[in-house]
Amino acid sequence: MKKLINKTENLVKESLAGVAAAHADLVKVHYDPNFVVRIDAPVRGKVAIISGGGSGHEPMHGGFVGRGMLDAACPGDVFTSPTPDQMEAATKAVDGGAGVLHIVKNYTGDILNFEMAAELCQAAGIEVAAVVIDDDVAVKDSLYTAGRRGVGTTVLAEKICGAAAERGDNLAKVVDVCRKVNANGRTMGMALTSCTVPAAGRPTFEISDTEMEIGIGIHGEPGRERMALKPAKEIVEMMANVILSDLPFKSGDQVIVMVNGMGATPLMELYLVYNELNKICQAKGITIVRQLVGNYITSLDMAGCSITLLKVDEELLTLWDAPVHTPALRWGV
Amino acid sequence: MKKLINKTENLVKESLAGVAAAHADLVKVHYDPNFVVRIDAPVRGKVAIISGGGSGHEPMHGGFVGRGMLDAACPGDVFTSPTPDQMEAATKAVDGGAGVLHIVKNYTGDILNFEMAAELCQAAGIEVAAVVIDDDVAVKDSLYTAGRRGVGTTVLAEKICGAAAERGDNLAKVVDVCRKVNANGRTMGMALTSCTVPAAGRPTFEISDTEMEIGIGIHGEPGRERMALKPAKEIVEMMANVILSDLPFKSGDQVIVMVNGMGATPLMELYLVYNELNKICQAKGITIVRQLVGNYITSLDMAGCSITLLKVDEELLTLWDAPVHTPALRWGV
Amino acid sequence: MVNQESLVAWIEALQEVYAENKEYLTQLDSAIGDADHGINLDRGFTAVRRKLSETKCEDMSAVLKTASMTLISSVGGASGPLYGTFFLRASAVCANKTELAEADIVAMVEAGLEGILHRGKARPNDKTMVDALTPAVNAMKQALAAGSGVKEILEKGVEAAEQGMTDTIPMLAKKGRASYLGERSIGHQDPGATSSYLMLKTAANLWN
Amino acid sequence: MVNQESLVAWIEALQEVYAENKEYLTQLDSAIGDADHGINLDRGFTAVRRKLSETKCEDMSAVLKTASMTLISSVGGASGPLYGTFFLRASAVCANKTELAEADIVAMVEAGLEGILHRGKARPNDKTMVDALTPAVNAMKQALAAGSGVKEILEKGVEAAEQGMTDTIPMLAKKGRASYLGERSIGHQDPGATSSYLMLKTAANLWN
Ligand SMILES: Nc1ncnc2c1ncn2[C@@H]1O[C@H](COP(=O)(O)OP(=O)(O)O)[C@@H](O)[C@H]1O
Ligand SMILES: Nc1ncnc2c1ncn2[C@@H]1O[C@H](COP(=O)(O)OP(=O)(O)O)[C@@H](O)[C@H]1O
Ligand SMILES: [Mg+2]
Ligand SMILES: [Mg+2]
Ligand SMILES: [Mg+2]
Ligand SMILES: [Mg+2]
């Protein structure tokens with residue numbers, strides 16, 4: 001394992017210390033329990049938005065704390081969901097009296113820990129609502145399983161809900177917006193290589209030079225299927241087919257697209273993927289109205305990418321375009 | 001070799017097509033010869049700024065084209081400097097009558113090709129000046145060698161000169177600003193792994209799991225020295241020592257810092273590196289006034305990082321803070 | 001008979017067992033999960049042991065409650081709240097007791113399992129820790145009804161848990177991370193079922 | 001005697017030679033450079049060959065000028081402008097000629113080398129293509145003075161270039177990318193010196 005770290009046990013804290021030092025104008029970092037909070041929190045009268053999950057997905061979530069996006073982020077250990085005391089402390093720190101939304105990615109660990117935190121906060125008299133993001137089309141959904149994973153759409157939901165809260169929507173309305181984003185967002189991911197969890201010290205899975213994993217999540221889990229490596233054009237077609245037919249996205253739809261790198265994918269390749277995706281959307285009459293191309297929700301040092309499509313209407317687009325000022329996403333400011 | 005590409009020969013073009021599609025509001029892409037140009041070029045009466053170099057360093061340079069930064073970028077083949085016809089065509093496309101600055105990284109190939117381009121442009125009656133960036137402290141400088149490489153400071157120079165041109169400085173003044181940035185910027189890089197040049201198909205160098213390269217450039221060249229992998233703290237100390245003593249940076253200095261990933265380094269690790277660097281600067285009385293942490297000048301899929309320090313005064317800081325709106329760098333807009 | 005001292009000894013032994021099996025459990029989790037189950041439990045029980053050494057617990061219930069709270073705030077992931085709930089429910093069973101008789105021990109494990117079922121909503125055959133604990137509780141109840149002593153009850157429980165654990169191998173996961181793998185989850189032993197088996201086995205080795 | 005046809009044959013052969021040696025030259029460049037020299041020349045001479053097949057060149061000078069311009073606009077890197085300049089200067093030597101005699105051939109290579117020196121500012125022993133071409137030009141001049149024919153002049157040149165090429169191995173690079181390696185550049189053969197040797201060798205194989 002080759003990483004720029006000191007001791008594995010201290011990685012999360014030392015990295016948070018770097019975030020605190022680099023972005024002292026935007027965020028504050030609290031330790032024990034760990035959470036990253038907007039510099040001006042709590043914002044009186046504004047619905048506060050919190051997300052969290054295992055570390056190793058940077059810039060998500062800590063990089064999205066700031067005006068127009070998250071009020072706080074709770075980073076767990078690498079790939080391990082945070083514990084309820086983190087969410088409880090963060091919720092108390094950002095509650096501005098208008099209630100708090102927890103944006104939770106659909107993983108058993110995240111769900112259970114956020115649930116416990118919500119119980120603790122409600123007991124303390126804070127109004128808390130949770131929306132679960134489950135946008136991963138690689139996973140077959142079913143009432144009798146853990147359902148779909150929460151992946152790329154989380155980033156878009158955090159931005160859009162942040163804007164809704166910032167314009168003064170109440171908690172019920174922000175919850176509605178979040179559900180709407182989740183209902184209209186779909187993601188699929190693939191990996192060329194495994195990542196290496198620092199504490200484990202070696203790659204999570206073995207994969208040969210001529211294979212890829214299709215339908216991965218963001219924790220180095222093996223995907224739905226392993227297959228022979230193909231040209232980017234075919235890979236993107238395969239992923240887009242699953243995504244497009246799932247919602248389904250139709251001719252005339254307007255979409256926000258995110259072509260996301262898993263951590264070790266050169267930007268050059270992500271733009272090439274975007275190019276393939278753009279051609280497919282054009283052919284289907286789907287208009288990409290906004291886009292992100294880069295590393296937004298990563299999986300440590302994994303090579304690969306994910307594609308997210310979010311169908312938007314006027315409302316979501318306006319919220320998307322609203323000013324945002326966080327370490328990793330900034331415009332209009 | 002595992003990459004998200006189609007045919008190696010088409011990689012640069014297809015990636016450029018992705019940039020064109022994703023950022024149609026900011027840039028236009030011309031093919032044969034290849035260059036990326038600001039959407040509103042030429043800007044009448046403004047000094048135009050062009051940079052270029054081999055591809056594989058994305059977002060540099062194409063990601064830095066736009067208001068407040070570059071007017072055009074000329075991407076060569078992967079790690080191969082562009083050819084004079086690219087710079088000639090780009091120069092003609094962006095010349096707004098106030099002259100054109102070529103920001104050239106100090107590599108023989110870049111120097112020679114930009115020189116030829118400048119001769120062609122001057123023959124066509126366009127006023128062209130070139131500033132060579134040579135900030136890499138890993139290379140011992142000497143009158144009788146190719147000198148130091150141009151690396152991280154290039155990004156800062158493009159931002160700052162872009163702002164100078166935008167505020168109306170004439171060519172001579174923009175050249176002065178660029179020289180000032182180069183004179184005050186120092187960079188050092190290190191690698192945990194080699195990158196793989198797509199056309200070569202295998203890693204440029206072999207390196208064991210317990211070693212690292214110190215003093216690398218951005219083309220997968222071996223560094224000045226290979227040594228045993230160390231904790232991040234020691235690596236950063238080693239790099240900072242060389243950088244700090246070179247200018248030298250002194251107590252009381254204000255600096256802009258860039259902690260740059262080489263392409264495959266998780267952001268989490270870059271923040272950890274930033275944390276170590278910040279502690280060193282604090283101990284030496286050097287104040288980090290602005291910073292970039294992320295992938296800005298990469299080396300394909302190499303794992304590793306570089307650290308750039310730029311000593312700034314009021315003027316450079318004001319130019320740094322001026323609005324910029326490019327695919328990869330945006331603020332104030 | 002199991003008293004406060006035996007409870008603490010069990011938890012201390014669990015810390016050692018999970019430290020020893022950290023790699024093994026993580027390895028199981030890398031096949032169908034995210035390669036952290038052993039790391040999670042090692043971190044959690046190390047914290048519990050530290051906490052217990054710093055805390056003066058007034059009774060058995062307090063010991064288990066401290067363990068529960070510490071697991072909840074140090075493990076994270078799915079197993080943190082699940083095992084945290086296990087110990088919380090178990091602590092309720094011990095309330096106002098200074099010693100645990102055969103029936104209490106069985107009631108404690110059963111309450112713990114119910115807590116896990118309540119929190120995690122898994123059902124038997126979903127390929128989770130539930131598949132080790134459910135047969136274990138059933139076997140322990142039978143042994144109790146047959147009049148067995150602590151040692152034998154626990155041994156029956158361990159035997160059933162071990163069988164339940166290996167029975168997870170051919171299962172298709174329906175809960176937790178492994179469920180994302182669909183068919184590919186078949187053929188691997190569930191890490192949580194394994195750590196549950198180890199939990200009972202450690203008790204059986206100590207208590208009698 | 002070398003005429004327009006032989007010139008074109010040489011350039012076509014160069015395309016084949018650099019295609020065959022693409023891996024080898026790139027390998028040399030990965031030791032002390034950026035692993036692209038073979039790729040660069042292969043791309044360049046493929047472009048030149050295509051260009052020549054599409055272009056009606058009126059004389060020898062035009063052939064070399066076309067080669068020069070195509071190299072400049074397709075190779076990039078250090079070698080693009082350097083070999084581009086080599087062919088540009090060589091083309092000037094051929095101006096108004098339909099055949100090249102012994103002296104013309106030597107003058108052509110010498111002018112090419114001077115172009116490279118002028119552009120790249122390298123000096124002998126800097127570990128560049130100059131270290132193959134300089135001894136080659138010297139040897140060719142000697143052979144010419146001794147009254148040798150085309151074949152022998154070229155063979156002497158190739159011999160000296162080969163020696164010059166292997167002489168780069170112990171050199172410490174002072175120009176180009178390899179110079180960034182400092183001491184570590186020692187012990188490796190310079191890729192550009194190697195491609196220059198191949199260029200002369202290809203001529204020697206064809207012309208007589
Ligand atoms: N809903 C659930 N109910 C019961 N046990 C579960 C459930 N989901 C997951 N598990 C158990 O948790 C184990 C994984 O724990 P761990 O790896 O620590 O957490 P995570 O999956 O969050 O990384 C699984 O092997 C499984 O036994
Ligand atoms: N200043 C120079 N003068 C002459 N030859 C040079 C000079 N710099 C580099 N070279 C030659 O160029 C070769 C490298 O060419 P190439 O790999 O194509 O370009 P780059 O170094 O830009 O990748 C070196 O091996 C060396 O022989
Ligand atoms: Mg986990
Ligand atoms: Mg090159
Ligand atoms: Mg796990
Ligand atoms: Mg080279």
Side-chain angles (χ1 to χ4, degrees), chain A residues 1-7 11-12 14-22 55-56 58-59 63 78 192-193 209-210 212 229 231-233 235-236 257 259 263-276 278-279 288 291 293-295 298 300-301 303-305 327-328 330-333, chain B residues 1-7 11-12 14-23 55-56 58-59 63 78 192-193 209-210 212 229 231-233 235-236 259 263-276 278-279 288 291 293-295 298 300-301 303-305 327-328 330-333:
Chain A
M1 177 182 63
K2 302 182 92 171
K3 294 187 186 283
L4 287 165
I5 58 178
N6 295 309
K7 281 198 184 139
L11 164 58
V12 170
E14 292 181 351
S15 181
L16 285 175
V19 170
S55 291
E58 290 68 27
V78 173
L192 294 171
T193 65
D209 241 24
T210 56
M212 63 181 172
L229 188 57
K233 186 179 158 60
I235 297 171
V236 176
V257 155
V259 170
T265 312
L267 192 53
M268 200 179 189
E269 296 176 29
L270 296 180
Y271 275 114
L272 189 142
V273 165
Y274 183 84
N275 184 43
E276 296 299 343
N278 183 52
K279 285 190 283 187
I288 303 178
Q291 76 304 111
V293 181
N295 294 338
T298 61
L300 293 171
D301 54 351
C305 72
R330 178 175 181 178
W331 55 75
V333 192
Chain B
M1 177 183 62
K2 300 182 91 170
K3 295 188 185 282
L4 287 164
I5 59 178
N6 296 310
K7 280 198 186 141
L11 164 57
V12 170
E14 292 180 352
S15 181
L16 285 175
V19 170
H23 305 292
S55 291
E58 290 66 27
V78 173
L192 294 172
T193 66
D209 240 23
T210 55
M212 63 181 172
L229 188 56
K233 186 178 158 59
I235 297 172
V236 177
V259 171
T265 312
L267 192 53
M268 200 180 189
E269 297 177 29
L270 297 180
Y271 275 113
L272 190 143
V273 165
Y274 183 83
N275 185 43
E276 297 299 344
N278 184 51
K279 286 190 283 187
I288 303 179
Q291 77 303 113
V293 181
N295 293 338
T298 61
L300 292 170
D301 54 352
C305 73
R330 177 174 182 180
W331 56 73
V333 193

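All values derive from a computational prediction rather than experimental measurement. Letters go in sequence order (proteins before strands), and every chain restarts at 1.
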Check your understanding: Picking from B:Met212, B:His23, B:Lys2, which has the most non-hydrogen pairs under 4.5 angstrom with chain A?
Key ->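 With the most close heavy-atom pairs to chain A, the winner is B:Lys2.
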
Practice item. Determine the option with the most heavy-atom pairs under 4.5 angstrom with chain A, choosing from B:Gly263, B:Cys305, B:Gly63. Key: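 Of B:Gly263, B:Cys305, B:Gly63, B:Gly263 has the most heavy-atom pairs under 4.5 Å with chain A.
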
Check your understanding: Within the side chain of B:Asn6, is there an N or O that forms a donor-acceptor pair under 3.5 Å with the backbone of A:Ala232?
Key ->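 Yes, because the side chain of B:Asn6 sits within donor-acceptor range (under 3.5 Å) of the backbone of A:Ala232.
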
Check your understanding: Are a donor atom and an acceptor atom from the side chains of B:Gln291 and B:Asn278 found within less than 3.5 Å of each other?
Key ->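 Judged by distance alone, the side chains do not pair up.
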
Contacting region of [X] [heavy-atom separation from chain A under 4.5 Å]:
| X | value |
| --- | --- |
| B:Leu192 | both |
| B:Val19 | both |
| B:Ala303 | neither |
| B:Val12 | both |
| B:Leu16 | neither |

Point to revise | Proximal component of A:Leu11, with respect to chain B [non-hydrogen, under 4.5 Å] | key: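 Contact with chain B: backbone and side chain both.
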
Review point. Is it the backbone or the side chain of A:Val273 that comes under 4.5 Å from a heavy atom of chain B, or both, or neither?
Key: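 It is the side chain, since no backbone atom gets that close.
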
**Study point:** Side-chain heavy atoms of A:Leu4 within contact of B:Ile235, under 4.5 Å
**Key:**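 With C-beta onward as the side chain, the pair touches.
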
Check your understanding: Does B:Tyr274 have any ring pair (Phe, Tyr, Trp, His ring centres under 6.0 Å) partners at least two apart in sequence or in another chain, and if so, which?
Key ->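 In terms of ring pair (Phe, Tyr, Trp, His ring centres under 6.0 Å), with neighbours along the sequence ignored, B:Tyr274 is linked to no residue.
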
Review point. Rounded to the nearest 0.5 Å, how far apart are CG of A:Leu270 and CG of A:Asn275?
Key: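 A:Leu270 CG to A:Asn275 CG: 12.5 Å, rounded to 0.5 Å.
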
**Study point:** Separation of A:Asp209 CG from B:Met1 CE (nearest 0.5 Å)
**Key:**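 Answer rounded to 0.5 Å: 9.5 Å.
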
Point to revise | Lys/Arg-Asp/Glu bridge criterion (N-O < 4.0 Å) met for A:Asp301, A:Lys3 | key: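 Result for this pair is yes, salt bridge flagged.
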
